[in-house]
Chemist: 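This is the structure I have questions about; it appears just below.
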Amino acid sequence: MGDKEKKPLKYRILTYGCQMNVRDSETIAGLLESSGFNQAEDLSEADLIVFNTCSVRHSAENKVYGKLGEIASLKKKRPEILIAFGGCMAQLPEVRQKLKKRGVDVVFGTHNIHELPYLIARAQEERSPVFEVWEKEGRIVEPLPSCRKPGLSAFVNIMFGCNNFCSYCIVPYTRGRERSRKADDIIRELEELAAAGYKEVTLLGQNVNSYGCGLEEKMEFADLLYRANSVAGIERIRFTTSHPKDVSDRLLQAIAECEKLCEHIHAPLQAGSNRILQRMNRNYSREHYLKLVERMRHYVPGVSITSDLIVGFPGETEEDFLETLDMVERVRFDAAFTFMYSQRSGTRAAEFAEQIPLEEKKQRLERLNRLQYQIATEINQELQGSIQEVLVEGPSKTNPQKLTSRTRSNRIVIFSGEKDLIGRLINVKITEAKTFSLFGEIFNE
Ligand code: SAH
Ligand code: SF4
Ligand code: F3S
């Protein structure tokens, strides 16, 4: 790095968006550490500030622009600060255009993260901004160094990109075509994580059900899960996201058979009306989804089913919206992330006529949330008195006197206990239920 500086430069990474970005930020940290940077305790001490951005909704982009403005004024006082800008927003040409006037030193994309240290060195040497974004995905580059926060739970990529092109979604444009990591590489990573003390892994992909397509060896997602289940030291395995169009019986069987696989499936429905589902290019119907729910509950009794839901997709009528509410009532999701449709330029739905006014979207979101929260509360109340296996994560954020933990179904349980329980799997009895969390006490037979 900088040839004149003697002190190592300090970096800080600002991460926005989904788990993929959280994982990418760990790789960015690893790359920077191996090129001699140290992590800054605080943003104000950082010599290098890296934005790892998300463009899934307008609100996500706005947060980034707000923070960038803040950092740019910091840079007026300390002109030596370097700003690097990567992630999904950086893949979009219209965003890069805007960045030209924002004091950014390095722009890098989702496909060339591994080049970051070199791009920073170039910007320092040339004393002018370096924009280097690959339009297309290359080969999967690995192994890359990575700097994970020490802890219990780790994210592991099993695949990158997406081929589904749901008409509202920018992800296929920012993450490129779907490709899977080799099973051996994934299993090796799980073994390393186990050796480092991690107890839980979440396998990440935009559509994990199609894991294995394009690999030389014949491998399906279910096969990978059986192999992952046999890694000693890993006690819980989660995965996200499952596309409802292709959840196979073999996958459901694997969840039923593998004791480490948690009984939780995130299978986003998005909308309840067939007309809207079709316009979203989701490739399934509400009837298909209801059958899937039956199959999931048949193979895995008590399985927790969670969803993402969008309100106000272009052309969504009151009747269409009522069908979403109807599906929420029929399925009774354990939890759902709910969003107002956000127009993303470059996607097909952005061109659709009949965009829904913001006020209407807000009202639908409120009605949907009211129903979903009520259902989640009811399901949680049914758990009162039950015994749940939880993984103890640490002190509770809201009450540090207590401990926070998670059930296999991914519910938070707060309880009183000694700190030496952190990192262990124990049983708790549920004593009280709220919408987003449960309270309990240690259960000893
Ligand atoms: N691959 C995952 C999700 C990726 S994005 C899947 O298919 O489920 C996470 C969620 O953001 C999506 O499930 C969707 O509900 C929401 N989302 C994506 N694009 C959006 C948009 N333009 N407006 C509102 N919500 C959107
Ligand atoms: Fe987006 Fe659809 Fe791909 Fe999910 S499956 S990332 S919603 S295009
Ligand atoms: Fe994730 Fe946002 Fe990109 S949700 S894949 S960081 S657009």
Side-chain angles (χ1 to χ4, degrees), residues 13-25 28 51-64 85-92 95 109-111 113 137 155 157-178 203-211 239-247 265-272 276-277 279-284 289 305-314 316 324 333 335-352 355-356 358 361-362 364-365 368 372:
I13 305 173
L14 303 171
T15 307
Y16 300 82
C18 66
Q19 294 110 320
M20 308 274 169
N21 266 15
V22 174
R23 179 70 196 115
D24 283 350
S25 286
I28 293 171
F51 282 82
N52 191 10
T53 63
C54 170
S55 52
V56 78
R57 280 170 293 275
H58 185 67
S59 53
E61 289 197 347
N62 260 2
K63 268 191 227 157
V64 169
F85 191 103
C88 286
M89 282 173 76
Q91 286 300 133
L92 306 174
V95 173
T110 58
H111 305 308
I113 285 179
E137 67 283 354
F155 292 133
N157 291 119
I158 63 166
M159 57 205 298
F160 303 94
C162 181
N163 287 351
N164 287 313
F165 288 94
C166 302
S167 63
Y168 50 81
C169 185
I170 198 76
V171 172
Y173 304 90
T174 64
R175 294 279 169 168
R177 294 297 62 72
E178 195 180 278
L203 308 178
L204 299 180
Q206 298 298 348
N207 176 18
V208 291
N209 308 328
S210 57
Y211 172 79
F239 57 86
T240 195
T241 298
S242 291
H243 196 299
K245 73 178 153 67
D246 44 24
V247 177
I265 304 177
H266 184 62
L269 169 66
Q270 310 296 3
I276 297 297
L277 284 171
R279 283 163 60 96
M280 285 179 161
N281 194 32
R282 288 293 285 178
N283 282 302
Y284 55 82
Y289 195 90
I305 302 174
T306 58
S307 181
D308 296 345
L309 296 163
I310 298 176
V311 300
F313 184 81
E316 184 186 73
T324 297
F333 293 113
F337 297 108
T338 54
F339 308 107
M340 285 190 277
Y341 168 74
S342 172
Q343 199 171 3
R344 306 283 70 209
S345 68
T347 63
R348 272 204 288 138
E351 310 299 321
F352 290 174
Q355 299 285 331
I356 307 292
L358 181 63
K361 289 196 262 194
K362 277 190 183 157
R364 288 183 188 167
L365 184 67
L368 174 61
Q372 176 53 39

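As the structure lists them, so they are numbered: ligands from 1, and atoms in each ligand from 1. Residue numbers count from 1 along this sequence.
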Chemist: In this structure, does ligand 3 have an atom that sits under 4.0 Å from one of the heavy atoms of Met20?
Modeler: no
Chemist: Is there at least one pair of N or O atoms, one from Tyr168 and one from ligand 1, spaced under 3.5 Å apart?
Modeler: yes
Chemist: Taking the six-membered ring of Phe352, is the NZ or CZ of Arg279 close enough (under 6.0 Å from the centre) and on axis enough (within 45°)?
Modeler: yes
Chemist: Apply side-chain contact (heavy atoms from CB on, under 4.5 Å) to Thr174 and Ser55, showing your working.
Modeler: CA-CA 8 Å; Thr174 64; Ser55 52; 3.7 Å; yes
Chemist: Does His243 have its ring centroid less than 6.0 Å away from the ring centroid of Tyr284?
Modeler: yes
Chemist: Pair Phe313, Ser167 - check side-chain contact (heavy atoms from CB on, under 4.5 Å), show working.
Modeler: CA-CA 10 Å; Phe313 184 81; Ser167 63; 3.4 Å; yes
Chemist: Please could you name the atoms of ligand 2 that Val171 approaches to less than 4.0 Å, counting only its heavy atoms?
Modeler: 6 (S)
Chemist: When you look for heavy atoms under 4.0 Å from ligand 1, do you find them on the side chain of Ile310, its backbone, both, or neither?
Modeler: side chain
Chemist: For atom 6 (S) of ligand 2, which protein heavy atom lies nearest, and how many Å away is it?
Modeler: Gln206 OE1, 3.5 Å
Chemist: Using a 4.0 Å heavy-atom threshold (strictly under), name the region of His58 that reaches ligand 1: side chain, backbone, both or neither.
Modeler: neither
Chemist: Heavy-atom distances under 4.0 Å decide this one: backbone, side chain, both or neither, for Pro268 against ligand 2?
Modeler: neither
Chemist: Output yes when the distance from some N or O of ligand 1 to some N or O of Gln206 is under 3.5 Å, and no in every other case.
Modeler: yes
Chemist: Tell me which protein heavy atom sits closest to atom 6 (S) of ligand 3, plus the residue, atom name and distance to 0.1 Å.
Modeler: Asn21 ND2, 3.3 Å
Chemist: Measure the distance from atom 1 (Fe) of ligand 3 to every protein heavy atom, then report the residue, atom name and distance (to 0.1 Å) of the closest one.
Modeler: Cys18 SG, 2.3 Å
Chemist: Identify, for atom 8 (S) of ligand 2, the protein heavy atom at the shortest distance, and state residue, atom and that distance.
Modeler: Cys166 N, 3.3 Å
Chemist: Given that the side chain starts at C-beta and the backbone is N, CA, C, O, which of these parts of Gln270 lies under 4.0 Å from ligand 1, counting heavy atoms, or is it both or neither?
Modeler: side chain
Chemist: Test of understanding: given a 4.0 Å heavy-atom threshold, classify the contact between Phe165 and ligand 2 as side chain, backbone, both, or neither.
Modeler: backbone
Chemist: Let me see the working for Met280 and Tyr341 under side-chain contact (heavy atoms from CB on, under 4.5 Å), right down to the final yes or no.
Modeler: CA-CA 11 Å; Met280 285 179 161; Tyr341 168 74; over 6 Å; no
Chemist: Note the single closest protein heavy atom to atom 16 (C) of ligand 1, along with its residue, its atom name and the distance in Å.
Modeler: Arg57 NH1, 3.2 Å
Chemist: Sub-3.5 Å donor-acceptor pair from the side chain of Asn21 to the main-chain atoms of Tyr16, do we have one?
Modeler: yes
Chemist: Do ligand 1 and Thr241 have nitrogen or oxygen atoms that lie under 3.5 Å from each other?
Modeler: no
Chemist: For ligand 1, which atoms sit closer than 4.0 Å to a heavy atom of Pro268?
Modeler: 8 (O)
Chemist: Is the backbone of Arg282 close enough, under 3.5 Å, to the side chain of Asn164 for a donor and an acceptor to pair up by distance?
Modeler: no
Chemist: Specify the protein heavy atom at minimum distance from atom 3 (Fe) of ligand 3: its residue, its atom name, and the distance to 0.1 Å.
Modeler: Cys88 SG, 2.2 Å
Chemist: Identify, for atom 5 (S) of ligand 2, the protein heavy atom at the shortest distance, and state residue, atom and that distance.
Modeler: Asn164 ND2, 3.4 Å
Chemist: Is Gln372 reaching over with its side chain to a backbone N or O of Phe333, donor-acceptor style, under 3.5 angstrom?
Modeler: yes
Chemist: Sub-3.5 Å donor-acceptor pair from the side chain of Thr306 to the main-chain atoms of Ala336, do we have one?
Modeler: no
Chemist: Non-hydrogen atoms of Met89 versus ligand 3: any pair closer than 4.0 Å?
Modeler: no
Chemist: Any nitrogen or oxygen of Tyr341, side chain or backbone, less than 3.5 Å from one on ligand 1?
Modeler: no
Chemist: Tell me the contacting part of Arg175 for ligand 2: side chain, backbone, both, or neither, using a 4.0 Å heavy-atom threshold, strictly below.
Modeler: neither
Chemist: Measure from atom 1 (Fe) of ligand 3 to each N, O or S atom of Cys54 and report whether any distance is below 2.8 Å.
Modeler: no
Chemist: Return the closest protein heavy atom for atom 7 (S) of ligand 2 as residue, atom name and distance.
Modeler: Tyr168 OH, 3.4 Å
Chemist: What do the steps show when you test His58 against Met340 for side-chain contact (heavy atoms from CB on, under 4.5 Å), and what is the final call?
Modeler: CA-CA 10 Å; His58 185 67; Met340 285 190 277; over 6 Å; no
Chemist: Specify side chain, backbone, both or neither for Cys162, according to which of its non-hydrogen atoms lie closer than 4.0 Å to ligand 2.
Modeler: side chain
Chemist: Do any of the N, O or S atoms of Cys169 sit under 2.8 Å from atom 1 (Fe) of ligand 2?
Modeler: yes
Chemist: Which of the numbered atoms in ligand 2 are below 4.0 angstrom from a heavy atom of Pro172?
Modeler: 8 (S)
